[in-house]
Amino acid sequence: GCFAEMQLAAVTGQQLDLLANAADVEKVYELKTGSYTVRGPLRMGALMAGAPTRVLNALDRFALPVGIAYQLRDDLLSVFGDPKTFGSDLRAGKNTVVLLTALKRARGRDHRVLKAAVGNSRATVTELKQAVEVIERSGARAAVEGRIDELVGSALAALRAGRLPPNGIELLEGAARVLTLRRS
């Protein structure tokens with residue numbers, strides 16, 4: 001039931017990711033990451049506790065945006081976070097929302113600098129640092145931070161509208177913040 005659904009969503013998301021279609025990267029995140037990071041575990045726990053359909057629906061409306069926001073935070077951390085993983089997504093040419101946003105917004109020399117580093121397994125640390133500066137300058141980081149805030153706001157509104165017990169709401173709000181505001 002629930003586990004098979006979670007597995008199917010993750011596999012479908014993986015297949016979409018391999019197609020590297022920039023049109024709906026968030027849908028890939030919803031299927032691939034959100035299904036097994038947030039929605040699936042929440043749903044399985046709620047089902048085991050005998051939660052009514054109303055609660056399951058509220059948890060779904062909470063979990064899907066949190067799962068996407070979690071992956072968006074991961075994208076930002078891969079560019080601006082941990083020095084140990086610095087540049088790995090850029091070198092791999094991974095289609096992340098932050099990178100696709102930057103590529104769309106960057107112009108002229110900035111666009112060329114970004115294109116030279118993306119998907120280039122031999123990109124130097126200097127080239128990667130310049131690419132990161134372009135991503136920042138393009139406003140992509142700020143745009144993704146704004147999208148994370150929107151998604152978390154949507155998730156929290158769904159929780160409150162779902163008439164869950166106050167202590168459950170408090171715990172899930174804390175979990176949403178930990179997942180989406182983390183620094184590593």
Side-chain angles (χ1 to χ4, degrees), residues 1-82 84-85 88-89 92-101 140-141 143-184:
C2 183
F3 185 77
E5 185 181 300
M6 186 171 69
Q7 187 179 25
L8 179 61
V11 169
T12 303
Q14 181 65 34
Q15 289 172 332
L16 285 174
D17 196 14
L18 292 174
L19 294 173
N21 184 341
D24 201 355
V25 176
E26 280 193 18
K27 187 64 177 174
V28 171
Y29 292 172
E30 178 186 315
L31 291 167
K32 189 175 161 188
T33 306
S35 66
Y36 66 80
T37 324
V38 185
R39 182 181 181 264
L42 262 182
R43 183 166 263 273
M44 286 193 329
L47 285 169
M48 287 190 287
T53 303
R54 169 186 62 79
V55 170
L56 292 173
N57 290 339
L59 291 175
D60 282 351
R61 287 190 308 274
F62 162 79
L64 292 176
V66 170
I68 296 167
Y70 172 85
Q71 186 60 54
L72 290 174
R73 175 61 60 205
D74 215 44
D75 290 353
L76 287 172
L77 289 172
S78 76
V79 176
F80 300 101
D82 191 346
K84 288 180 285 209
T85 59
S88 58
D89 281 358
K94 186 175 174 193
N95 279 330
T96 64
V97 171
V98 71
L99 178 58
L100 294 170
T101 302
R141 181 183 195 172
V144 172
E145 289 284 2
R147 182 64 181 139
I148 290 170
D149 291 344
E150 284 174 17
L151 288 162
V152 171
S154 171
L156 298 181
L159 265 187
R160 293 180 195 118
R163 301 188 328 255
L164 274 70
N167 60 337
I169 291 173
E170 188 178 326
L171 285 170
L172 290 171
E173 284 179 348
R177 288 192 171 85
V178 166
L179 288 170
T180 61
L181 299 176
R182 68 193 198 284
R183 297 291 169 226
S184 61

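All heavy atoms count here, side chains included; hydrogens, waters and symmetry mates do not. Positions are given from 1, in the same order as the sequence printed here.
Every residue meeting the side-chain contact (heavy atoms from CB on, under 4.5 Å) condition with Ser154, not counting sequence neighbours, appears here in chain and number order: Pro65. For the side-chain contact (heavy atoms from CB on, under 4.5 Å) test, no residue two or more places apart in sequence or in another chain qualifies with Ala175. Legend: residues meeting side-chain contact (heavy atoms from CB on, under 4.5 Å) with Leu179, ordered by chain and number and at least two apart, are Val38, Val66, Tyr70. Every residue was checked against the side chain to side chain donor-acceptor pair (under 3.5 Å) condition with Arg61, not counting sequence neighbours, and none meets it. Residues satisfying the side chain to side chain donor-acceptor pair (under 3.5 Å) test with Arg177, not counting sequence neighbours, are none. Take Asp60 and apply the salt bridge (Lys or Arg N to Asp or Glu O under 4.0 Å) test, not counting sequence neighbours, and it matches Arg39, Arg43.
Going from atom CG of Leu56 over to atom CG of Leu47 covers 5.0 Å, rounded to the nearest 0.5 Å. With values rounded to the nearest 0.5 angstrom, Arg73 atom CZ is found 4.0 Å from Glu145 atom CD.
Contact of the Ile148 side chain with the Leu76 side chain is registered, since non-hydrogen atoms from C-beta on lie closer than 4.5 Å. By the 4.5 Å heavy-atom criterion applied to side chains, Leu164 and Leu172 are counted as neighbours. By the 4.5 Å heavy-atom criterion applied to side chains, Asp74 and Thr96 are not counted as neighbours. Counting heavy atoms from C-beta outward, Val97 and Arg147 have side chains that stay 4.5 Å or more apart. Taking the side chain as every heavy atom from C-beta outward, Leu151 and Leu72 approach each other to under 4.5 Å. Looking only at side-chain heavy atoms (C-beta outward), Leu42 and Phe62 come within less than 4.5 Å of each other.
The two residues Glu173 and Leu156 make their nearest non-hydrogen contact at CG-CD2, 3.4 Å.
The environment of CD in Glu170 is sparse: at most 12 heavy-atom neighbours from other residues, nucleotides or ligands sit within 6.0 Å.
At least one donor-acceptor pair closer than 3.5 Å links the side chain of Arg54 to the backbone N or O of Gly162.
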(request) Determine, stepwise, if the pair Lys94 / Leu99 fulfils side chain to side chain contact (heavy atoms under 4.5 Å, CB included). (result) CA-CA 8 Å; Lys94 186 175 174 193; Leu99 178 58; 6.0 Å; no

(message) Determine whether Asn167 and Leu171 satisfy the following criterion, side chain to side chain contact (heavy atoms under 4.5 Å, CB included), listing intermediate values before the conclusion.
(response) CA-CA 6 Å; Asn167 60 337; Leu171 285 170; 5.5 Å; no

